[in-house]
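Accompanying notes for the structure given below.
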Amino acid sequence: MVIDTATLLVSCPDQQGLVAKIASFIYSNGGNIIHADHHTDLEAGLFLSRIEWQLQGFNLPKDLIGRAFNAIAQPLKADWQLHFSDTIPKVAIWVSQQDHCLYDLLWRIQAKELKAKIGLIISNHEKLASIAEQFGIEYHYLPINNSNKKEQELKQLELLKKADIDLVILAKYMQVLSSDFLQNFPNVINIHHSFLPAFIGAKPYHQAYSRGVKIIGATAHYITQDLDAGPIIEQDVVKISHRDTVEDLIRKGKDLEKIVLARGVRLHLQHRVLVYGNRTVVFA
């Protein structure tokens, strides 16, 4: 049974009575809370919360909920977000030449495992255009080099705005986004192997193999101006044995990248992630 819900994400300085105040707002307007998660970072002095409630029987119309809650949030010096379950986010998937994460996201969204609509695919290579055609999705080829990067990023931003995109997913997009781009569009999730910073540059799996690593991993994180150092959403690892070849490491790494990226995107789409500083609280 599908039940329309609203979700509040709240972060504010820790103080007494916060849970009661937020819950009382929902209760006093006839809401039925179905999920409530809270965390206090004692070192940062910060309270973080995710509360989801049913909209059926709620006294406030959707367009007035935010305004009403803001009257409570302001005295608390709270940052907050309000999301509704019947809103389907639009995403853009960016790729270069590897297709494993792209295929995985396309199938999961088509199967409704991920609640999103794909607005377009952007790539700095033409190689994966046939996949976009197979799924009936716009594909925009925007090659990037040192001389045209700023110009191409302006085109990317224009495409995102025109398609009303909420989230960009870097599914093995092998380009660094500039600080100017991120100031204009900060909602970007990336996936990469977890060898950084030990094995930097090309062929990290070959480097790891030569060192005889016993574990490999993948990390999904939000993009910031610090390369591969944004707030982490999801990670996972797999054991490696002496019997594994370089090809085995690459295969296992790709499997991890697919599942970790899908988990990270799902958590974001379900509004289960709160970012503060360079950290996250994930209400999974």
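One is the number of the first residue; the rest follow in order along the sequence. Please read these numbers as outputs of a predicted model, since none were measured by experiment.
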Decide if atom NZ of Lys150 counts as having more than 12 heavy atoms of other residues, nucleotides or ligands within a radius under 6.0 Å.
no
Quick one: which residue pairs count as a ring-ring contact (aromatic ring centres under 6.0 Å, His included) with a foot in residues 124-155, not counting sequence neighbours?
Trp107-Phe135
How does the hydrophobic cluster around Leu154 look, that is, which other residues are in it when side-chain heavy atoms under 4.5 Å mark a link?
none
I want to check something: taking the side chain as every heavy atom from C-beta on, are Asp236 and Arg263 in contact at a cut-off of under 4.5 Å?
yes
Applying side chain to side chain donor-acceptor pair (under 3.5 Å) as the test, list every pair that has at least one member in residues 68-79; sequence neighbours left out.
Asn70-Trp80
Nearest heavy-atom approach of Ile51 to Ser49 is CG1-OG, 3.6 Å
Ion pair present between Asp244 and Lys252, side-chain N to carboxylate O less than 4.0 angstrom?
yes
How about Glu113: does its CD atom have over 12 heavy atoms from other parts shown lying under 6.0 Å from it?
yes
Note: with side-chain heavy atoms under 4.5 Å as the link, the other cluster members for Ile88 come out as none
For residues 230-256, which residue pairs pass the ring-ring contact (aromatic ring centres under 6.0 Å, His included) check, not counting sequence neighbours?
none
Strictly distance-based, threshold 3.5 Å: is any side-chain N or O of Ser123 a donor or acceptor partner for the main-chain N or O of Val95?
yes
So do the side chains of Leu249 and Ile240 get within less than 4.5 Å of each other, counting heavy atoms only?
yes
Is the shortest side-chain heavy-atom distance between Ser96 and Asn124 below 4.5 Å?
yes
Heavy-atom check, side chain of Arg108 versus side chain of Val265, under 4.5 Å:
no
Counting only heavy atoms from other residues, nucleotides and ligands, does the tally under 6.0 Å from NZ of Lys214 exceed 12?
yes
So do the side chains of Lys161 and Asp164 get within less than 4.5 Å of each other, counting heavy atoms only?
no
With a 4.5 Å limit on heavy-atom distance, are the side chains of Leu274 and Thr280 in contact?
no
Less than 4.0 angstrom from a charged side-chain N to a carboxylate O is my criterion; do Asp180 and Lys149 meet it?
no
Could you tell me whether Arg243 and Asp248 make a salt bridge, using a distance below 4.0 angstrom between a side-chain N and a carboxylate O?
no
For the student: nearest non-hydrogen atoms of Lys115 and Leu269, plus distance
O-CD1, 3.8 Å
Pairs in or reaching into residues 31-52: which pass ring-ring contact (aromatic ring centres under 6.0 Å, His included), with residues at least two apart or in two chains?
His38-Phe47
So do His221 and Pro231 actually touch side chain to side chain, heavy atoms under 4.5 Å?
no
Enumerate the residue pairs fulfilling side chain to side chain donor-acceptor pair (under 3.5 Å) with a member in residues 200-212, sequence neighbours excluded, ordered by first and then second residue.
none
Applying ring-ring contact (aromatic ring centres under 6.0 Å, His included) as the test, list every pair that has at least one member in residues 265-284; sequence neighbours left out.
His83-His271, Tyr222-His268
Run the side-chain donor-acceptor check on residues 4-25: report pairs under 3.5 Å with partners two or more places apart or on a different chain.
from  : atom 1 : to    : atom 2 : distance (Å)
Thr5  : OG1    : Glu52 : OE2    : 2.7
Gln15 : NE2    : Pro13 : O      : 3.0
Ser24 : OG     : Ala20 : O      : 2.6

Report the C-alpha distance between Glu257 and His100 in whole Å, list the side-chain angles of each, state the deciding distance to 0.1 Å, and finish with yes or no for side chain to side chain donor-acceptor pair (under 3.5 Å).
CA-CA 9 Å; Glu257 288 171 350; His100 57 289; 2.8 Å; yes
Please determine, by modelled atom types, if Glu153 and Ser178 share a side-chain donor-acceptor pair under 3.5 angstrom.
yes
Just to verify, what does Arg272 make a salt bridge (Lys or Arg N to Asp or Glu O under 4.0 Å) with, not counting sequence neighbours?
none
Side-chain heavy atoms under 4.5 Å apart, restricted to Ile/Leu/Val/Met/Phe/Trp/Tyr: what other residues fall into the cluster of Leu170, or is it alone?
Trp94, Leu120, Ile122, Leu142, Ile144, Leu157, Leu159, Leu160, Ile165, Val168, Tyr173, Leu177, Phe181, Leu182, Phe185, Val188, Ile223
Flag the pair Ile131 / Leu106 as yes when at least one side-chain heavy-atom distance between them is below 4.5 Å, and no otherwise.
yes
Sequence neighbours excluded, the answer for salt bridge (Lys or Arg N to Asp or Glu O under 4.0 Å) partners of Lys254 is none
